[in-house]
Amino acid sequence: MLSGILVIDFTQHLPGPYATLRLADRGATVVKVETPQGDPARRSVIKTHGESELFLANGRNKQSVVLNLKEESQRYVALDLIRQADVVLESFRPGVAGRLGIGYEDAVKVNPGIVYCSLSGYGQSGPMHQLGSHDINYMALGGALAQLKDDGGSPIPPSLTFADMAGGMAAAEAILAALVQRGKTGKGAYLDIAIADVVLAMMTTHVTIESATGEPHGLSILSRGLVAYGIYRTKDDRYVALGALESKFWENFCVAVERPQWRPAGRTPPHPDNPVYQEMKTLFQSRTLAEWTAFSLEVDCCLTPVLEVGELDAHPQIQSRGLIQERWGHRYVGTCYQEPGPVLDAAMPAPGLGEHTDEWLRRLMKNS
C-alpha cells in the first residue's frame, strides 16, 4: 500500500522505530539514519547471540545508513536524503533536530512537500517539553496508570509499554493522514506528536464520564462489576476471560453449561455473597484451560483463554491470521494483514549497522 513512499527515520529506542515498522510493513522504504554508535536499542540488555531482541523486533524491513550529523559534510548527506523523501520522522528532544541542521525548517527548504513528524515525550511546547521521561511517566501523567491498580489500590507498572506503542501508532496514523492530504492538495505537513498527549487521548471516555458523574474509572461496571464480564480461574490454575455483556451471549453461555437458571443473574455483581458468582467460580474450576478453549471455539459467548506470550501462535484464530511467523531464528509479529498473505512472507531482517550506507551514497551521488 505504501510502495514508492520513502521514509527517513532519525528515531531510536522504541516509539519511533515502532511507527516506522508499521510503515515499512505496509511497503514503505524506510531508511534508518544512525550515529556511528548505532541506535541504543541495538545495545538493549535483552540479547541472544549478541543481538538485541528490542532492535530485531522493530528493525525489520528497514535499511541502515550511518551518518555523523555533527559533521557538516554528513549533514548535507542527510539533507540530500530528505530532499528525495516523502516522510521524515525524528524523536530528538525539542530543538535538537534544528541544531543538527535537519529540523523542519531545514527540511522544508529542500523539500517543500515533505511530511515531517516530530515524536517526543511531551511535544514541542509546555513546561515539561524539555524533560526526559519514559513510558511509565506518560502513563502516570495521562491518567492511565491510575486505572491499573492492585487490590490494595497501588498502581501497577504494566510489562507492556502501552504509551510507547500507542505513541508509535499515533505517529504512523498522523503520517498516513498527512500523506492523504498531500495527495489531495500537494501540501506537506509538520506533525507534533507527544506520547503524553496520546495517552491522554486514550482517556477520552474516562474524562467525559468523570466530568459528568464524578466516576474516575470510566465504564467502571466492566471492572469487576458483572458476573457475565470478568476473569475466572480454571482447574489447572489458568484463567479465562468472559465478556458476555449482551444478553444473547450470556444466554448462550448459560444454555451451553446447562445452567438456564443463571439467566437473570448476568448483570449482578461478582460479590462473595452472590450465589451465582460462587457457582460460576466452581464451574470454571471444574475444567482446564484447554477444555474451556475448546468450549470457546464452539459456543458463541465471548469467552477466550488468557494466553501467555509463548502460547499465542498455537491458538487456531491467531494461526489462521498468520501474523506470527518464524524468521531468522526468532518469532515475529506482523503489524498488519494484507492480501495476498501475511506481511512477514516477504520481510527482510533488521539491518546491520550502516549496512546500506554505501548504497545510498552512490544513489545520492548519481542523482545529484
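Throughout, numbering of the chain's residues begins at 1 and tracks the sequence.
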*asked:* Is there a side-chain contact between L89 and C117 in this structure, where contact means two heavy atoms from C-beta onward sitting under 4.5 Å apart?
replied: yes
*Exercise: identify the closest heavy-atom pair between H356 and V65*: O-CG2, 3.8 Å
*Which distance, rounded to the nearest 0.5 Å, do you find between the OG of S64 and the CH2 of W360?*
12.5 Å
*Taking atom types as modelled and ignoring hydrogens, do the side chains of K32 and T20 form a donor-acceptor contact shorter than 3.5 angstrom?*
no
*Mark yes when over 12 heavy atoms from residues, nucleotides or ligands other than E71 sit less than 6.0 Å from its CD; otherwise mark no.*
yes
*asked:* If I take atom CG from residue L119 and atom OG1 from residue T11, how far apart are they, to the nearest 0.5 angstrom?
replied: 7.5 Å
*L242 versus V240: any side-chain heavy-atom pair under 4.5 Å?*
no
*For residues 131-146, pull every pair meeting side chain to side chain donor-acceptor pair (under 3.5 Å), keeping only residues two or more places apart or in separate chains.*
Y122-S133
_Any heavy-atom pair between the side chains of R363 and K366 that's under 4.5 Å?_
no
Scan the side chains in residues 263-274 for donor-acceptor partners under 3.5 Å anywhere in the protein, sequence neighbours excluded, and list what turns up.
unit_1, atom_1, unit_2, atom_2, d
R267, NH2, L245, O, 3.3
T268, OG1, A265, O, 2.6
T268, OG1, N274, ND2, 2.9
N274, OD1, V276, N, 3.1
N274, OD1, Y277, N, 3.4
N274, ND2, P269, O, 2.7

_Give me the atom names and distance for the closest heavy-atom approach of G123 to D192._
CA-OD1, 3.4 Å
*asked:* If hydrophobic clusters are built by linking Ile, Leu, Val, Met, Phe, Trp and Tyr wherever their side-chain heavy atoms come under 4.5 Å apart, do L67 and V96 end up in the same one?
replied: yes
_Hydrophobic cluster membership, V199 vs L191, 4.5 Å side-chain cutoff_ = yes
*What class does the angle between the rings of Y116 and Y104 fall in, given that below 30° is parallel, 30 to 60° is tilted and above 60° is perpendicular?*
perpendicular
*Closest non-hydrogen atom pair, L297 against H315*: CD2-CE1, 4.1 Å
*Specify the closest pair of heavy atoms between M203 and G142, including all atoms of both residues, with the distance to one decimal.*
CG-O, 3.1 Å
*So I136 and L145, side chain to side chain contact (heavy atoms under 4.5 Å, CB included) or not? Walk me through it.*
CA-CA 8 Å; I136 194 172; L145 200 57; 4.0 Å; yes
*Using 4.0 Å as the upper bound for N to carboxylate O, is an ion pair formed by E105 and K109?*
no
_Residue pair D80, R83: steps toward the salt bridge (charged side-chain N to carboxylate O under 4.0 Å, His left out) verdict_ = CA-CA 5 Å; D80 281 343; R83 183 178 287 107; 2.4 Å; yes
*Side chains of L14 and L54: closer than 4.5 Å at any heavy-atom pair?*
yes
_To the nearest 0.5 Å, what is the distance between CG on L6 and CG on L23?_
11.5 Å
*Linked, directly or transitively: L176 and I193 (ILVMFWY side chains, under 4.5 Å)*: yes
*Could you grab the distance from atom OG of S118 to atom CZ of F92, nearest 0.5 Å is fine?*
10.0 Å
*E291: what forms a side-chain contact (heavy atoms from CB on, under 4.5 Å) with it, not counting sequence neighbours?*
R287, T288
_Are P94 and Q124 packed together at the side-chain level, in the sense that at least one heavy-atom pair is separated by less than 4.5 angstrom?_
yes
*Qualifying side chain to side chain donor-acceptor pair (under 3.5 Å) pairs, either residue in residues 225-237, two or more places apart*: R233-Y239, T234-D236
*asked:* Please list all pairs meeting side chain to side chain donor-acceptor pair (under 3.5 Å) that have one or both residues in residues 177-187, counting only residues at least two apart or in different chains.
replied: D86-R182
*Shortest non-hydrogen separation from P40 to H13 and the atoms involved*: CB-CE1, 3.4 Å
*Should we count CG of L148 as having more than 12 external heavy atoms under 6.0 Å?*
yes
*Give, for atom CE of M139 and atom CG of L141, the distance between the pair rounded to the nearest 0.5 Å.*
12.0 Å
*Below 4.5 Å, heavy atoms only, C-beta onward: do H217 and I209 meet side chain to side chain?*
no
_Same cluster or not: V299 versus L283, using hydrophobic residues (I, L, V, M, F, W, Y) connected whenever any side-chain heavy atoms lie under 4.5 Å apart?_
yes
*Do L56 and Y332 have side chains that get closer than 4.5 Å, going by heavy atoms?*
yes
_Atom CD of E258 with >12 non-hydrogen neighbours under 6.0 angstrom_ = no
*SB check E34 K62 (cutoff 4.0 Å)*: no
*Stepwise side chain to side chain contact (heavy atoms under 4.5 Å, CB included) check, R238 with E311*: CA-CA 13 Å; R238 297 296 303 277; E311 301 171 326; 2.8 Å; yes
_Short N-O contact, D25 and R22, less than 4.0 angstrom_ = no
For residues 151-171, which side-chain N or O atoms pair as donor and acceptor with protein atoms under 3.5 Å away, sequence neighbours left out?
unit_1, atom_1, unit_2, atom_2, d
D151, OD1, R224, NH1, 3.2
D151, OD1, R224, NH2, 3.2

*Cluster question for you: counting only ILVMFWY and a side-chain heavy-atom cut-off of under 4.5 Å, with indirect links fine, are V110 and L361 together?*
yes
_Shortest non-hydrogen separation from L69 to A78 and the atoms involved_ = CD2-CB, 3.7 Å
*Could you tell me how the ring of W292 sits relative to the ring of F295: parallel (under 30°), tilted (30 to 60°) or perpendicular (over 60°)?*
perpendicular
